[in-house]
Chemist: 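The structure's right below; bear with me while I get my questions together.
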Amino acid sequence: MRLLLDYRPALRERTGVGEYVHQLARALVQLSEDGADAAGLTVELFTSSWKDRPDPAAIAELGPVRVIDRRVPV
């Protein structure tokens, strides 16, 4: 199963919803590494902001995750 998570709330200061989304991504990546991978779980993060870019350090701490970063006007 391919899980696409909207990571936009975590692009700025990670407070409230942004921190929740970041921790949810971390838990899902951990779950996929701990055996759900056999079931085919892959986690991908989606962003679509003109100004805000994903922080490479924050993404790296999540583990093996693909980031789909498009500059789409919303």
Side-chain angles (χ1 to χ4, degrees):
M1 173 174 42
R2 177 180 173 204
L3 185 102
L4 185 64
L5 180 64
D6 185 353
Y7 197 72
R8 287 178 297 175
L11 292 179
R12 291 189 177 201
E13 294 181 38
R14 286 195 328 237
T15 59
V17 174
E19 183 63 22
Y20 178 82
V21 168
H22 181 75
Q23 294 301 326
L24 178 62
R26 173 183 282 177
L28 289 169
V29 168
Q30 183 67 36
L31 179 67
S32 71
E33 289 178 334
D34 288 345
D37 193 37
L41 175 64
T42 58
V43 179
E44 298 178 354
L45 305 178
F46 172 76
T47 68
S48 67
S49 174
W50 280 102
K51 296 186 329 183
D52 303 316
R53 306 276 46 97
D55 178 19
I59 299 299
E61 79 179 34
L62 294 176
V65 65
R66 179 177 172 215
V67 178
I68 301 169
D69 184 27
R70 302 288 187 260
R71 291 186 174 175
V72 178
V74 292

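Values in this document were obtained by computation on a predicted structure and should not be read as measured data.
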Chemist: Kindly work out whether a path of hydrophobic side-chain contacts (I/L/V/M/F/W/Y, heavy atoms less than 4.5 Å apart) joins Leu3 to Phe46.
Modeler: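 No, because Leu3 and Phe46 fall into different hydrophobic clusters, even though each may have its own neighbours under 4.5 Å.
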Chemist: Can you name the side chain to side chain donor-acceptor pair (under 3.5 Å) partners of Asp55, sequence neighbours left out?
Modeler: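 For Asp55 there are no side chain to side chain donor-acceptor pair (under 3.5 Å) partners, ignoring immediate neighbours.
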Chemist: Quick check: closest heavy atoms across Gly18 and Ala10, and the distance to 0.1 Å?
Modeler: O-CB, 3.4 Å
Chemist: A side-chain contact here means heavy atoms from C-beta on lying under 4.5 Å apart; do Asp6 and Val21 qualify?
Modeler: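 No, side chains not in contact.
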Chemist: Any link between Leu4 and Leu45 through a network of hydrophobic side chains (Ile, Leu, Val, Met, Phe, Trp, Tyr) touching at under 4.5 Å?
Modeler: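 Result: no, two separate clusters.
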Chemist: Using side-chain heavy atoms (C-beta onward) and a distance below 4.5 Å, is Arg66 in contact with Thr42?
Modeler: no
Chemist: Who passes side chain to side chain donor-acceptor pair (under 3.5 Å) against Ser49, sequence neighbours left out?
Modeler: none
Chemist: Rounded to the nearest 0.5 Å, what separates atom OH in Tyr7 from atom NE2 in His22?
Modeler: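 Going from OH on Tyr7 over to NE2 on His22, the span is 4.5 Å.
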Chemist: What residues form a side chain to side chain contact (heavy atoms under 4.5 Å, CB included) with Tyr20, not counting sequence neighbours?
Modeler: Leu24
Chemist: Check the pair Ser48 / Arg8 against side-chain contact (heavy atoms from CB on, under 4.5 Å), numbers first and verdict last.
Modeler: CA-CA 7 Å; Ser48 67; Arg8 287 178 297 175; 3.4 Å; yes
Chemist: List in chain and number order the residues that pass side chain to side chain donor-acceptor pair (under 3.5 Å) with Arg2, two or more places apart in sequence or in another chain; answer none if no residue qualifies.
Modeler: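 Partners of Arg2 under the side chain to side chain donor-acceptor pair (under 3.5 Å) test: Glu44.
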Chemist: Name all residues meeting the side chain to side chain donor-acceptor pair (under 3.5 Å) criterion together with Glu19; count only those two or more places apart in sequence or in a different chain, and write none if there are none.
Modeler: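 Glu19: side chain to side chain donor-acceptor pair (under 3.5 Å) contacts with Arg14, Gln23.
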Chemist: Are there more than 12 heavy atoms of other residues, nucleotides or ligands under 6.0 Å from atom CZ of Arg12?
Modeler: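 Open.
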Chemist: Count I, L, V, M, F, W, Y as connected when their side-chain heavy atoms are under 4.5 Å apart, and connections chain through other members. Are Ile68 and Ile59 then in the same cluster?
Modeler: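 No; Ile59 is not reachable from Ile68 via cluster members.
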Chemist: Can you tell me how far the CG atom of Leu11 sits from the NZ atom of Lys51, to the nearest 0.5 Å?
Modeler: 11.5 Å
